[in-house]
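Values below: all heavy atoms of this structure, side chains included; hydrogens, waters and symmetry mates excluded.
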Amino acid sequence: MDTNAVLDLMWVLICGILVFFMQAGFTLVEAGFTRSKNTGNIIMKNLMDFCIGSIAFWVIGYSLMYGDSIGGFIGTPSLLFDSAADMHSLFFQTVFAATAATIVSGAIAERTKFTTYLFFSLLMTLVIYPISGSWVWNGGGWLAGMGFTDFAGSTVVHSVGGWASLVAAAMVGPRIGKYNADGTSNAIPGHNIMLGALGVFILWMGWFGFNPGSQLAISGDNAVAVAGIFITTNLAGAIGALAAMFVTWIIYKKPDISMTLNGVLAGLVGVTAGCAAVSPMGAFWIGLICGIAVVFSIEFIDKKLKIDDPVGAVSVHGVCGALGTILVGVFATDGGLLYGGGFAKLGVQITGVVAIGAWAMAASFVVLFILKKAIGLRVTKEEEIDGLDIHEHGSNVYND
């Protein structure tokens, strides 16, 4: 193996480690934005996402996503992946699969049965994520053939998790006390925004593995491309935070902390699809648009749809993932609407977003419907009021 090949392999593995550490970020965000009595349950869910996802993706998920494409819709399945030359790829794609599953955890926090969640996490990484992922990232996938662009997964990873979250949160129902009899919404404050903020910083750092790592190489001219992806990624996160902060400042008369933190994630999610396809200015506009959109989306889902999403996962990952992917059709320097490409690219992007969104929601509904009938989705009223930690795990995280 020559030096460049070794360098590329090491780059992918190091970026995979950064993406793996995003599990810690998700855990902190979800724990900080919810109540202390459920912290242990959140730790266990996020830990199990990665553990279950690692096994499921190795057993068959990876082959369903990257095996020889069958009709452009699914990879040829094979059990227990064991190709020595592609172990770095297996690791890098495993951490992505676990990320898609983890997104759902926050949307259904504080009222969902742990056993039910484990089954859903398994099927997310075993079937739901790999199949739609094969449409885009498998060279023979039908969306890949159309020229659909999702470089690092605004839709493949984030929107799949986001739309699954929407279905799951709607089916599980709101937390006790979230909505009044007249339909008005009550805020249920998180117990530690400091934990949430630390989680966001960890996620931001992890994104420097998520997006630049998706170049899958750093030798030769790839180094220049990687450096550019660092900048587009960072700019979108930064302006996303600023946009969310100023919107909340105008609406609420105060710069809201949790919304600003979600603005960071909104910008990062939004630019993930086009981080290698847009200029820094394009990334700026994508982050700005997503940072504004996330505030109104969270408000709409909470107050109009009356779907209880404690961390804003549907808005951050589903809505902004879809929006950012579509905006590639506007801002891509090669074929984008603003660069003389007409509407063709935009049409392809919309097609991919709609198709993957429909698959994620339909598949999630089927899985959750079966789980609801078989073992139930929700804990009892008593368990929810007392907290999931004591009832589901027999312990408390905070023993003061």
For side chain to side chain contact (heavy atoms under 4.5 Å, CB included), just list the numbers for V59 and L80, CA-CA rounded to whole Å, side-chain angles, deciding distance to a tenth of an Å, and then say yes or no. CA-CA 4 Å; V59 169; L80 309 177; 4.1 Å; yes
Are N234 and F208 close enough, and set up right, to give a side chain to side chain contact (heavy atoms under 4.5 Å, CB included), and what steps lead you there? CA-CA 8 Å; N234 192 56; F208 295 132; 3.5 Å; yes
So W207 and T272, side-chain hydrogen bond (donor to acceptor under 3.5 Å, both in side chains) or not? Walk me through it. CA-CA 9 Å; W207 242 284; T272 293; 2.8 Å; yes
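Expressed to the nearest 0.5 Å, how far OG1 of T3 lies from CG of L7 amounts to 8.5 Å. Here the straight-line distance linking atom CD1 of I103 with atom OG1 of T99 works out to 7.0 Å at 0.5 Å rounding. The distance from the CD1 atom of I108 to the CG atom of L377 is 8.0 Å, given to the nearest 0.5 Å. In this structure, the separation between CE on M361 and CD1 on I356 is 12.0 Å, given to the nearest 0.5 Å. Here CG of N46 is found 9.0 Å from CG of L28. Values are rounded to the nearest 0.5 Å. The distance from atom CG of D8 to atom CG of N222, rounded to the nearest 0.5 Å, is 6.0 Å.
Under the ring pair (Phe, Tyr, Trp, His ring centres under 6.0 Å) criterion, the residue pairs touching residues 297-327 are F26-H317, H158-H317, with sequence neighbours excluded. A salt bridge (charged side-chain N to carboxylate O under 4.0 Å, His left out) check over residues 22-37, counting only residues at least two apart or in different chains, returns the pairs E30-K45, R35-E110. The stretch residues 301-316 participates, sequence neighbours left out, in these salt bridge (charged side-chain N to carboxylate O under 4.0 Å, His left out) pairs: R175-D308, K178-D302, E299-K303.
Under the 4.5 Å side-chain heavy-atom criterion for ILVMFWY residues, no single connected hydrophobic cluster contains both M171 and I370. Both W163 and V354 are part of a single hydrophobic cluster, where members link through side-chain heavy atoms under 4.5 Å apart. Linking Ile, Leu, Val, Met, Phe, Trp and Tyr residues whenever their side-chain heavy atoms come within less than 4.5 Å leaves F50 and I202 in two separate clusters. Side-chain heavy atoms closer than 4.5 Å link hydrophobic residues (I, L, V, M, F, W, Y) into clusters, and following such links, even through other members, never connects V224 to L235. No chain of hydrophobic side-chain contacts below 4.5 Å, direct or via other Ile, Leu, Val, Met, Phe, Trp or Tyr residues, connects V366 to F369.
Between F92 and F96, the ring planes are tilted. Angles from 30° to 60° get that label.
For K113, there are no salt bridge (Lys or Arg N to Asp or Glu O under 4.0 Å) partners at least two apart in sequence or on another chain. With sequence neighbours excluded, the residues forming a ring-ring contact (aromatic ring centres under 6.0 Å, His included) with F81 are Y62, listed by chain and number. Partners of E392 according to the salt bridge (Lys or Arg N to Asp or Glu O under 4.0 Å) rule, which considers only residues two or more places apart in sequence or in another chain, do not exist here. Here A5 pairs with M1, D2 under the side-chain contact (heavy atoms from CB on, under 4.5 Å) rule; sequence neighbours left out.
Other cluster members for L388: V379, joined by side-chain heavy-atom distances under 4.5 Å among Ile, Leu, Val, Met, Phe, Trp and Tyr. Other members of a hydrophobic cluster containing Y179 are absent, since no ILVMFWY side chain comes under 4.5 Å of it, directly or through relayed contacts. Side-chain heavy-atom separations under 4.5 angstrom define the hydrophobic clusters, and the remaining members of the one that includes I229 are F151.
At least one side-chain heavy atom of C51 sits under 4.5 Å from a side-chain heavy atom of M48. For the pair L268 and W204, the minimum side-chain heavy-atom distance is below 4.5 Å. Contact check for I292 versus F246: no side-chain heavy atoms found under the 4.5 Å cut-off. Side-chain contact between I251 and F296: present, with at least one pair of heavy atoms (C-beta onward) separated by less than 4.5 Å. At a threshold of 4.5 Å between non-hydrogen side-chain atoms, the residues F73 and I131 do not count as touching. Looking only at side-chain heavy atoms (C-beta outward), V314 and I307 stay at 4.5 Å or farther from each other. You'll find the side chain of W359 reaches within 4.5 Å of the side chain of W135, heavy atoms only. At least one side-chain heavy atom of V271 sits less than 4.5 Å from a side-chain heavy atom of N211.
Not one N or O on the side chain of R111 forms a donor-acceptor pair closer than 3.5 Å with the backbone of R378. The closest donor-acceptor contact from the side chain of T232 to the backbone of A283 lies at 3.5 Å or more, if one exists at all. Within the 3.5 Å criterion, the main-chain N or O of G282 finds a donor-acceptor partner in the side chain of S279. The closest donor-acceptor contact from the side chain of S63 to the backbone of S78 lies under 3.5 Å.
The 12-atom threshold is not exceeded at CD1 of I257, counting heavy atoms of other residues, nucleotides or ligands nearer than 6.0 Å. Atom CE of M87 has more than 12 heavy atoms from other residues, nucleotides or ligands within 6.0 Å. More than 12 heavy atoms of other residues, nucleotides or ligands lie within 6.0 Å of CG in N180, so this atom counts as buried by the packing criterion. Atom CH2 of W285 is surrounded by 12 or fewer heavy atoms from other residues, nucleotides or ligands within 6.0 Å. Heavy atoms of other residues, nucleotides or ligands lying less than 6.0 angstrom from CE of M205 number more than 12. Counting non-hydrogen atoms of neighbouring residues, nucleotides and ligands closer than 6.0 angstrom, the CZ atom of F21 reaches no more than 12 such neighbours. The 12-atom threshold is exceeded at CZ of F230, counting heavy atoms of other residues, nucleotides or ligands nearer than 6.0 Å. Taking a 6.0 Å sphere around CG of D86, one finds it holds more than 12 heavy atoms contributed by other residues, nucleotides or ligands.
Across all their heavy atoms, N41 and D389 have their closest contact at N-OD1, 2.9 Å. N262 and V311 make their closest contact through ND2-O, 3.3 Å (heavy atoms, listed as atom of the first residue, atom of the second, distance). Pairing each heavy atom of P310 with each of A109, the nearest pair is CG-O, 4.1 Å. When every heavy atom of A266 is checked against every heavy atom of V316, the shortest pair comes out as N-CG1, 4.1 Å. Of all heavy-atom pairs spanning S69 and G140, the tightest one is OG-O, 3.4 Å. Across G376 and T116, no two heavy atoms sit closer than the pair O-OG1, 2.5 Å.
Under the 3.5 Å distance criterion, with hydrogens and angles disregarded, a donor-acceptor pair is assigned to the side chains of S258 and D256.
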Hey, can you pull the donor-acceptor pairs under 3.5 Å for the side chains in residues 117-126, sequence neighbours left out?
| unit_1 | atom_1 | unit_2 | atom_2 | d |
| --- | --- | --- | --- | --- |
| Y117 | OH | D49 | OD1 | 2.9 |
| Y117 | OH | D49 | OD2 | 2.7 |
| Y117 | OH | A101 | O | 3.3 |
| S121 | OG | D49 | OD1 | 2.6 |
| T125 | OG1 | S121 | O | 3.1 |
| T125 | OG1 | L122 | O | 3.2 |

Give every donor-acceptor pair under 3.5 Å between a side-chain atom in residues 321-332 and any protein atom, sequence neighbours left out.
| unit_1 | atom_1 | unit_2 | atom_2 | d |
| --- | --- | --- | --- | --- |
| T325 | OG1 | T155 | OG1 | 2.7 |
| T325 | OG1 | G321 | O | 2.7 |

